[in-house]
Amino acid sequence: MRRLYSSESDAKAIASEFLSKTQSNPPYAQTQLLDANQLQRFSATFSRPELSKTLPKNGTPLPPGYHLAYFTPAQVEEELGRDGTDTTFNPPSPYTRRMWAGGELEWVKENKLRIGQEVTETTRLVSAYAKKTRAGNDMIIVGVEKKFQNERGVALIDKR
């Protein structure tokens with residue numbers, strides 16, 4: 001039987017339970033080599049000939065925002081959301097629709113992400129709360145923080 005939540009108190013309770021349950025789990029971490037091939041293909045998508053004509057060398061700094069081309073979901077298709085995304089930090093049904101509601105990127109200037117580095121992305125849930133849409137429906141707003149660390153420490157913090 002499918003239960004539909006229609007009251008704000010239900011959304012608040014679900015958000016609170018989701019936050020408590022998810023925050024008790026360890027942060028989700030995955031490590032990846034920042035390879036030149038991925039940078040070259042992503043650069044071609046954005047018509048950046050200086051990075052897409054030849055394979056970038058190890059040590060080439062990753063342009064701002066290009067970290068988004070790495071750390072793709074590692075789950076099998078059945079475990080992904082309808083839009084192909086990782087659902088690890090998604091609240092339970094019926095609050096499964098996703099939208100990008102803003103974010104903030106903080107770079108450590110002395111520690112750039114570079115091609116050839118092994119980087120670990122650590123993701124943790126930082127907030128979940130109920131809110132009303134403009135139409136008066138309930139939704140749950142989820143805040144996630146991703147830290148990207150190389151051999152020198154934290155290089156980037158991505159808050160969504």
Side-chain angles (χ1 to χ4, degrees), residues 1-5 7-39 41-42 58-133 137-160:
M1 180 174 147
R2 184 174 167 214
R3 179 177 173 197
L4 297 177
Y5 298 92
S7 73
E8 187 175 353
S9 62
D10 283 342
K12 285 181 181 177
I14 290 169
S16 177
E17 182 180 334
F18 171 68
L19 182 62
S20 174
K21 180 180 166 186
T22 305
Q23 283 186 326
S24 66
N25 295 331
Y28 176 73
Q30 58 180 339
T31 301
Q32 182 172 351
L33 176 69
L34 300 184
D35 69 303
N37 189 50
Q38 191 84 352
L39 175 59
R41 290 178 183 208
F42 201 56
N58 279 351
T60 300
L62 220 57
Y66 276 49
H67 68 286
L68 296 170
Y70 297 89
F71 303 98
T72 54
Q75 292 82 359
V76 294
E77 185 177 2
E78 295 81 30
E79 295 173 356
L80 296 174
R82 288 178 52 197
D83 59 356
T85 58
D86 177 3
T87 59
T88 304
F89 296 98
N90 289 11
S93 182
Y95 303 102
T96 56
R97 273 190 69 203
R98 295 172 10 97
M99 64 182 260
W100 187 276
E104 177 181 315
L105 299 172
E106 179 184 330
W107 285 274
V108 176
K109 290 183 182 183
E110 310 79 41
N111 188 16
K112 294 184 179 196
L113 296 175
R114 296 177 182 278
I115 294 302
Q117 289 179 330
E118 190 170 90
V119 175
T120 299
E121 174 200 67
T122 304
T123 306
R124 68 182 184 94
L125 180 71
V126 293
S127 64
Y129 60 91
K131 186 176 177 179
K132 291 276 188 197
T133 66
N137 299 317
D138 293 314
M139 65 178 170
I140 296 177
I141 305 293
V142 174
V144 175
E145 178 186 85
K146 296 175 172 282
K147 284 188 180 178
F148 296 84
Q149 295 180 267
N150 57 22
E151 70 280 354
R152 297 182 63 211
V154 175
L156 170 64
I157 300 173
D158 180 342
K159 296 177 184 177
R160 305 173 183 185

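As a basis for the values below, the full set of heavy atoms in this structure was taken, side chains included, without hydrogen atoms, waters or symmetry mates.
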field: CA sep, side-chain torsions, deciding dist, call: Lys147, Thr122, side-chain hydrogen bond (donor to acceptor under 3.5 Å, both in side chains)
entry: CA-CA 5 Å; Lys147 284 188 180 178; Thr122 304; over 6 Å; no
- request: Run through Glu121, Glu145, Arg124 and flag the one making a side chain to side chain contact (heavy atoms under 4.5 Å, CB included) with Pro27.
  value: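 For Pro27, the side chain to side chain contact (heavy atoms under 4.5 Å, CB included) check succeeds only for Arg124.
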- prompt: After noting the C-alpha distance and the side-chain angles of Phe89 and Tyr28, does the key distance pass the ring-ring contact (aromatic ring centres under 6.0 Å, His included) rule?
  reply: CA-CA 10 Å; Phe89 296 98; Tyr28 176 73; 7.1 Å; no
With heavy-atom distances below 4.5 Å as the criterion, would you say the side chains of [X] and [Y] are in contact?
{"X": "Ile14", "Y": "Pro92", "value": "yes"}
{"X": "Glu79", "Y": "Thr87", "value": "no"}
{"X": "Leu125", "Y": "Leu19", "value": "yes"}
{"X": "Tyr66", "Y": "Leu39", "value": "yes"}
{"X": "Tyr95", "Y": "Val142", "value": "no"}
{"X": "Val119", "Y": "Phe71", "value": "yes"}
{"X": "Thr31", "Y": "Glu118", "value": "yes"}
{"X": "Leu62", "Y": "Ile115", "value": "yes"}

Heavy-atom closest contact (Leu33 atom, Gly116 atom, distance):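 Looks like CD1-O, 3.3 Å.
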Which atom of Pro73 lies closest to which atom of Leu80, heavy atoms considered: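 For Pro73 versus Leu80, the nearest heavy atoms are CB-CD2, 3.6 Å.
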- request: Using a strict 4.0 Å threshold on nitrogen-to-oxygen distance, state whether Asp10 and Lys12 make a salt bridge.
  value: no
- request: Decide side-chain contact (heavy atoms from CB on, under 4.5 Å) for Leu113 and Leu156; before the verdict, give the C-alpha distance in whole Å, the side-chain angles of both, and the deciding distance to 0.1 Å.
  value: CA-CA 8 Å; Leu113 296 175; Leu156 170 64; 4.3 Å; yes
Roughly how far, to the nearest 0.5 Å, is [atom2] of [Y] from [atom1] of [X]?
{"X": "Met139", "Y": "Lys131", "atom1": "CE", "atom2": "NZ", "value": "5.0 Å"}
{"X": "Ile140", "Y": "Ser127", "atom1": "CD1", "atom2": "OG", "value": "11.5 Å"}
{"X": "Lys146", "Y": "Leu105", "atom1": "NZ", "atom2": "CG", "value": "12.0 Å"}
{"X": "Gln38", "Y": "Thr72", "atom1": "CD", "atom2": "OG1", "value": "7.0 Å"}

query: Going by atom types alone, do Thr85 and Arg98 pair a side-chain donor with an acceptor below 3.5 Å?
result: yes
- request: Step through the shown structure and confirm whether more than 12 heavy atoms of other residues, nucleotides or ligands are within 6.0 Å of CD on Glu77.
  value: no
message: With a sphere of 6.0 Å drawn around CD of Glu17, does it hold more than 12 non-hydrogen atoms of other residues, nucleotides or ligands?
response: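 No, the 6.0 Å shell around CD holds no more than 12 heavy atoms from other groups.
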Taking [X] for its side chain and [Y] for its backbone only, find out whether a donor-acceptor pair lies under 3.5 Å.
{"X": "Gln75", "Y": "Asp86", "value": "no"}
{"X": "Tyr70", "Y": "Asp35", "value": "yes"}
{"X": "Asn150", "Y": "Ala155", "value": "no"}

